[in-house]
There are 2 protein chains.
Amino acid sequence: MADSKPLIVVIEDEAPIRRFLRASLPLHGYRVLEAATAAEGIRHLAEQRPDLVILDLGLPDMEGLDVVRQIREWSEVPIVVLSARERESDKITALDAGADDYLTKPFGIGELLARLRVALRHGARRAAPEAATYEAGNWSVDLAARRVFVADEEVHLTPTEYRLLTVLIRHAGKVVTHRQLLRELWGDEHEDAQHTLRVHISQLRRKLEPDPTRPQHLMTEPGVGYRLREDEPGK
Amino acid sequence: MADSKPLIVVIEDEAPIRRFLRASLPLHGYRVLEAATAAEGIRHLAEQRPDLVILDLGLPDMEGLDVVRQIREWSEVPIVVLSARERESDKITALDAGADDYLTKPFGIGELLARLRVALRHGARRAAPEAATYEAGNWSVDLAARRVFVADEEVHLTPTEYRLLTVLIRHAGKVVTHRQLLRELWGDEHEDAQHTLRVHISQLRRKLEPDPTRPQHLMTEPGVGYRLREDEPGK
DNA sequence: CGGCGGCGTCAAGAAAATCTCAAGATTCAC
DNA sequence: GTGAATCTTGAGATTTTCTTGACGCCGCCG
């Protein structure tokens, strides 16, 4: 990454802007991969592991905020948002959803480039790029496509179940506190719904574990929380 | 830092804005330290190690850009720049000098707060990689994952056992009084459960010590308390 | 020698946390 | 408004953890 040109994925449906970026960015030492839809952009993300994403919020196939959130479920790649909307609340929600910067159109190319450099500075410090799929035992979780397989059979998870699983994956190997899970799933408010959490864990086990009675990966740490056990190479 | 409110240093000479920030930021969970000049601000930086800096570019005693550059010579603290200047070139030079964000006055408090959260997110990630494991003999305690290994075999500890161990680790090498342990584990109230404490120590030894009869690390100091013996380099 | 206090171990009952099933709510699309 | 999917809540069974009491060991002092 440091030794070759940074790769930027541009997710933008307006052709003129895309053309503009396609022309400008390479002049400044970046490689560019384009996508006109969110789905295509996310596919690029998963396959190419770019160093940065430029994301237009006004995409045809998906709500812009949801794109940010979905990327953030599994990737920490820096996201620079472009948007025609100037409303402060739009900026706030986008930034809180996980975007790293927010530029309103029309923007100057110079400022965009400078902000890209800032975002890449941050990204460069980050450790090895994350994998787009998580594997453990005979599980396989395709984080980009939001699909889960057990022994090559696809398993359907409800939204909550899936989010719970991604939180555990994000902290794989570590114990995740009840409180932490509750906060990530339901927000700071409902830090009381312990019981609900247990039920969802139970459901996940029923769907993913061969023998839900004796979990192989979805371990409970009594009095503390839950932990996703990773494969141990030596075993 | 994670356990207390983030500290923000505000370097700003305009009193109204300073007053405004002094009023708003604490309402959103931040501690604030103010400086009206660059020199004072830099002094605060060096002494307090804040989590973030809000910097006005129009300071009386120093050119704004130089402030950024000077801070960056020795600190990576996130810097959010406020400026009345809208010129694109000003933004670019500030960002390239090391600023993490750039807001032009007048700015909305909501957007400022959102961008502060982004900058703090980055800062937190940078500070995170602490070697959070304790080693002694053939023990290895992964404090981040809350896991304990003895001779590469994972050992399961109950919540109380684990907390007891972490207290001793926190004071590794030093004697920890009975009273101190009781207070840390059960609160000021139950300073009588000496016997219970002994049982837990016993359990810990059974799980961690090769020969619980002759402890290598979980030493008892008769009449006083317990002590976690560290490795001695000379052995 | 014999009693005493501090300590460690064991085991049993009490307490707390967790799991599971199933019955209401709720949500969302149609 | 209806129905399907999902989420939440309740209750009882089950598991894990904590506490307590009994007992034995050891060193010390009278």
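Chain letters run A, B, ... following the sequence lines, proteins first, then strands; residues in each count from 1.
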* Asked: Just by protein heavy atoms under 4.0 Å, how would nucleotides 21-30 of chain D read 5' to 3' in B, S and -?
  -> BB--------
* Counting only side-chain N and O atoms of B:T213, is one of them less than 4.0 Å from OP1 or OP2 of C:dG8? -> no
* What's the CE-P distance between A:M219 and C:dT18, to the nearest Å? -> 14 Å
* Residue from A:R170, A:R163, A:R72 passing salt bridge (charged side-chain N to carboxylate O under 4.0 Å, His left out) with A:E184 -> A:R170
* Any donor-acceptor pair under 3.5 Å linking the side chain of A:E209 with the backbone of A:R206? -> no
* Is B:R227 reaching over with its side chain to a backbone N or O of B:V176, donor-acceptor style, under 3.5 angstrom? -> no
* Taking B:R229 for its side chain and B:A172 for its backbone only, find out whether a donor-acceptor pair lies under 3.5 Å. => no
* Structure fact -> Tested for side chain to side chain contact (heavy atoms under 4.5 Å, CB included) against A:L157, the lone hit among A:K207, A:R146, A:Q203 is A:K207
* For A:L218 and C:dT20, give me the distance from atom CG to atom P, rounded to whole Å. => 11 Å
* To do: Return the minimal non-hydrogen interatomic distance between B:W139 and B:V150, and the atom names on each side.
  => CD1-CG2, 4.1 Å
* Looking at NZ of A:K174 and CD of A:Q180, how far apart are the two atoms once the value is rounded to the nearest 0.5 Å? -> 9.5 Å
* List the steps and the verdict of side-chain contact (heavy atoms from CB on, under 4.5 Å) for A:Y102 and A:L57. => CA-CA 10 Å; A:Y102 189 108; A:L57 279 197; 4.0 Å; yes
* Distance-only, no hydrogens or angles: does the B:R147 side chain make a donor-acceptor pair with backbone N or O of B:D142 under 3.5 Å? -> no
* Check the distance between D:dC18's C1' and B:L197's CG and give it to me in whole angstrom. => 13 Å
* Asked: Is any side-chain N or O of A:H156 closer than 4.0 Å to OP1 or OP2 of D:dT6?
  -> yes
* Touch class at under 4.0 angstrom, heavy-atom based, for B:Y226 against every strand present -> sugar-phosphate
* Donor-acceptor pair, side chain of A:T93 and main chain of A:S89, under 3.5 angstrom -> yes
* Return the angle between end axes of the helix from C:dC1-D:dG30 to C:dC30-D:dG1, with five pairs used per end and rounding to 10°. => 30°
* Can you check whether A:T220 has a side-chain N or O nearer than 4.0 Å to OP1 or OP2 of C:dT18? -> no
* Asked: Looking at A:V67, A:V10, A:L45, which one forms a side chain to side chain contact (heavy atoms under 4.5 Å, CB included) with A:V53?
  -> A:L45
* Do the side-chain N or O atoms of B:T158 get closer than 4.0 angstrom to the phosphate oxygens (OP1, OP2) of D:dC18? -> yes
* Non-hydrogen atoms of A:A114 and B:L95 that approach each other most closely -> CB-CD1, 3.9 Å
* Asked: Looking at the side chain of B:P159, which of C:dC7, D:dT17, C:dT9 is the nearest nucleotide?
  -> D:dT17
* Compare every heavy atom of A:A36 with every heavy atom of A:D13, then report the nearest pair and how far apart it is. => CB-O, 3.5 Å
* Step-by-step salt bridge (Lys or Arg N to Asp or Glu O under 4.0 Å) determination, A:D56 to A:R18 -> CA-CA 10 Å; A:D56 182 19; A:R18 225 164 57 220; over 6 Å; no
* Asked: Base, sugar-phosphate, or nothing: which does A:T196 touch, judged by heavy atoms less than 4.0 Å apart?
  -> base
* Give, ordered by number, those residues of residues 200-209 of chain B having at least one heavy-atom distance below 4.0 Å to an atom of DNA chain C; if nothing qualifies, reply none. => B:S202, B:R205, B:R206
* Structure fact -> Each nucleotide of nucleotides 25-30 of chain C classed B (base within 4.0 Å of a protein heavy atom), S (only sugar-phosphate) or -, in 5' to 3' order, makes ------
* Asked: Minimum heavy-atom separation for A:L113 to A:Y30, with atom names?
  -> CD2-CE1, 4.0 Å
* Only pairs at least two apart or in different chains count here, so list each ring-ring contact (aromatic ring centres under 6.0 Å, His included) that has a residue in residues 152-174 of chain A. => none
* Could you state the CG-P distance from B:L157 to D:dT16, rounded to the nearest angstrom? -> 16 Å
* To do: Would you jot down, in residue-number order, the residues of residues 167-187 of chain A having a non-hydrogen atom under 4.0 Å from DNA chain D?
  => A:W186
* **Close side-chain approach of A:I54 and A:L52, heavy atoms under 4.5 Å** => yes
* Asked: Nearest-Å distance, CZ (A:R198) to P (D:dA13)?
  -> 18 Å
* Measure the distance from CD on A:Q194 to P on C:dT18 and round it to the nearest whole Å. => 6 Å
